[in-house]
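One structure below.
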Amino acid sequence: DARNQNGPVITEEIVVQVRPVIRKELSFTVSAAGTINPQRQVMVSAEIPGRVISAAVQRGSSVAAGDELIRLDDREIRLQITEASSSITREQVELAREDYERKQRLFADGAVTRSVLDQSKNQVLGLDSTYRSAQARIAQLRERLAKTRISAPLSGIVARLEVEPGEFVAPGVPVAVIEDMEEVLVMVEVADRDVVRLRPLQVVEATSDAFPGKIFSGVVERIGSTANPVTRAFEVEARVANPEGELRSGMIISLRILLE
């Protein structure tokens with residue numbers, strides 16, 4: 001209260017708001033933005049020369065390990081297998097061996113001469129050698145035939161398709177690039193005052209403007225030990241889960257690394 005010299009009492013009202021105290025967790029974070037990279041990237045190449053006759057996928061296709069990507073012309077190889085298979089059969093070798101065994105019995109009875117027996121034996125050996133060579137040749141051709149079907153070595157996304165039907169490819173020539181995007185890697189730069197507080201496996205929350213309100217979970221994968229000479233910042237790599245394949249290579253993503 002304050003009393004005026006002339007008598008009346010002046011009262012000043014103070015408004016007080018009262019609210020219950022609540023308990024809330026405070027998060028200390030480090031934030032940065034970076035570009036999404038695939039967890040793994042594999043360049044698929046042809047192992048044998050050939051002409052592309054079909055492509056079973058296109059850019060952006062999802063593939064599983066073992067799925068066919070490209071097929072090369074295999075007609076010449078199949079023709080060679082047919083020729084090698086028909087040059088001599090197992091039945092011919094067996095018939096010659098049976099004839100030799102019969103002549104062995106006749107020779108024991110004195111019914112045929114040694115030269116006849118030797119001739120029959122040499123025929124068996126010759127046919128057997130020819131048959132084995134043909135089988136080895138067929139096995140090689142079948143291995144070559146399998147290589148006309150170029151398959152995905154891992155599950156992922158076809159990032160690039162380098163050839164088209166009708167194009168001739170040589171051994172070692174890339175035909176496709178497969179990216180494993182089940183988890184993605186994000187490289188960001190962090191200032192020195194923040195990098196000292198980072199540790200591997202710290203929790204990461206990632207967000208993208210392409211998916212408003214959605215948070216992708218991850219962890220710190222690697223922390224650089226040397227600063228960039230230009231920016232004076234340290235590279236930090238995070239691994240982020242991408243089970244539905246929404247995040248794509250090259251996207252910009254924001255990271256919040258939870259310190260405590």
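More than 12 heavy atoms of other residues, nucleotides or ligands sit less than 6.0 Å from atom CZ of R97. In R59, the CZ atom is not crowded: 12 or fewer heavy atoms of neighbouring residues, nucleotides or ligands sit closer than 6.0 Å. For CZ of R78, the number of neighbouring non-hydrogen atoms (other residues, nucleotides, ligands) closer than 6.0 Å is 12 at most. Residue D109 places its CG atom among more than 12 non-hydrogen atoms of other residues, nucleotides or ligands, all under 6.0 Å distant.
Between the side chain of N242 and the backbone N or O of M181, at least one donor-acceptor pair lies under 3.5 Å. In this structure, S133 contributes its side chain and S129 its backbone to a donor-acceptor pair below 3.5 Å. Although no hydrogens or angles enter the test, the distance criterion places a donor-acceptor pair under 3.5 Å between the side chain of S61 and the main chain of Q58.
Of all heavy-atom pairs between I48 and K147, the closest is CG2-CD, 3.9 Å. For the pair G172 and S45, the tightest heavy-atom approach, listed with the atom from each and the gap, is O-OG, 3.6 Å. Minimum heavy-atom separation, Q41 to V177: CG-CG1, 3.5 Å. Contact between S87 and A84 at its shortest, heavy atoms only, is OG-O, 2.8 Å. Closest approach of T207 and I253 over heavy atoms only: O-CG1, 3.0 Å.
Pairs passing the salt bridge (Lys or Arg N to Asp or Glu O under 4.0 Å) check and including a residue from residues 130-139, sequence neighbours excluded, read D128-R132. Listed by first and then second residue, the side-chain hydrogen bond (donor to acceptor under 3.5 Å, both in side chains) pairs that reach into residues 181-193 are E183-R239, E189-N228, E189-T231, sequence neighbours excluded.
With hydrophobic clusters built from ILVMFWY side chains whose heavy atoms lie under 4.5 angstrom apart, V236 shares a cluster with V184. Hydrophobic clustering (ILVMFWY, side-chain heavy atoms < 4.5 Å, transitive): L185 and M251 are in distinct clusters. Residues V196 and L259 fall within the same hydrophobic cluster, defined by Ile, Leu, Val, Met, Phe, Trp and Tyr side chains chained together at heavy-atom separations under 4.5 Å. Linking ILVMFWY side-chain heavy atoms closer than 4.5 Å, directly or via other members, places L141 and L79 in two distinct hydrophobic clusters. Using a 4.5 Å cut-off between side-chain heavy atoms of Ile, Leu, Val, Met, Phe, Trp and Tyr, with links allowed through other members, I223 and V186 fall into the same hydrophobic cluster.
Remark: I257 CD1 to D194 CG distance equals 8.5 Å, nearest 0.5 Å. Between the CZ atom of R197 and the OG1 atom of T29 there is a distance of 8.5 Å, given to the nearest 0.5 Å. In this structure, the separation between CD on Q123 and CD on Q92 is 10.0 Å, given to the nearest 0.5 Å. If you take CG on L255 and CZ on F216, they are separated by 12.0 Å, rounding to the nearest 0.5 Å. Interatomic distance, Q80 CD to R144 CZ, rounded to the nearest 0.5 Å: 7.5 Å. Atom CD in Q119 sits 9.0 Å away from atom OG1 in T113 (nearest 0.5 Å).
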Between side-chain atoms of residues 151-168 and protein atoms elsewhere (two or more places apart, or another chain), which donor-acceptor pairs fall under 3.5 Å?
| residue | atom | partner | partner atom | Å |
| --- | --- | --- | --- | --- |
| S151 | OG | R149 | NH1 | 2.9 |
| S155 | OG | A65 | N | 3.1 |
| R160 | NE | E162 | OE2 | 2.8 |
| R160 | NH2 | E162 | OE2 | 3.4 |
| E167 | OE1 | E164 | N | 3.2 |

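Under 4.0 Å is where a charged nitrogen must lie from a carboxylate oxygen, and between K121 and D118 no such pair does.
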Can you list the steps and then say if Y100 with L117 is a side-chain contact (heavy atoms from CB on, under 4.5 Å)? CA-CA 7 Å; Y100 172 63; L117 180 63; 3.5 Å; yes
What's the verdict on side-chain contact (heavy atoms from CB on, under 4.5 Å) for V175 and L69, showing C-alpha distance, side-chain angles and the deciding distance? CA-CA 9 Å; V175 298; L69 302 175; 5.5 Å; no
Pair L72-V52, side-chain contact (heavy atoms from CB on, under 4.5 Å): steps then yes or no: CA-CA 4 Å; L72 303 179; V52 177; 3.9 Å; yes
Are F211 and L247 close enough, and set up right, to give a side-chain contact (heavy atoms from CB on, under 4.5 Å), and what steps lead you there? CA-CA 9 Å; F211 307 100; L247 300 177; 4.2 Å; yes
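Its side chain outside the 4.5 Å cluster rule for every partner, I215 clusters with none of the Ile, Leu, Val, Met, Phe, Trp and Tyr residues. Clustering of Ile, Leu, Val, Met, Phe, Trp and Tyr by side-chain heavy atoms under 4.5 Å joins L127 with I88, V93, Y131.
Side-chain contact check for V15 versus E13: every heavy-atom pair is 4.5 Å or farther apart. Taking 4.5 Å as the limit, every side-chain heavy atom of D67 sits out of range of all side-chain heavy atoms of V57. A heavy-atom distance below 4.5 Å is not found between the side chains of V220 and R199.
With sequence neighbours excluded, the residues forming a side-chain hydrogen bond (donor to acceptor under 3.5 Å, both in side chains) with R102 are D99, listed by chain and number.
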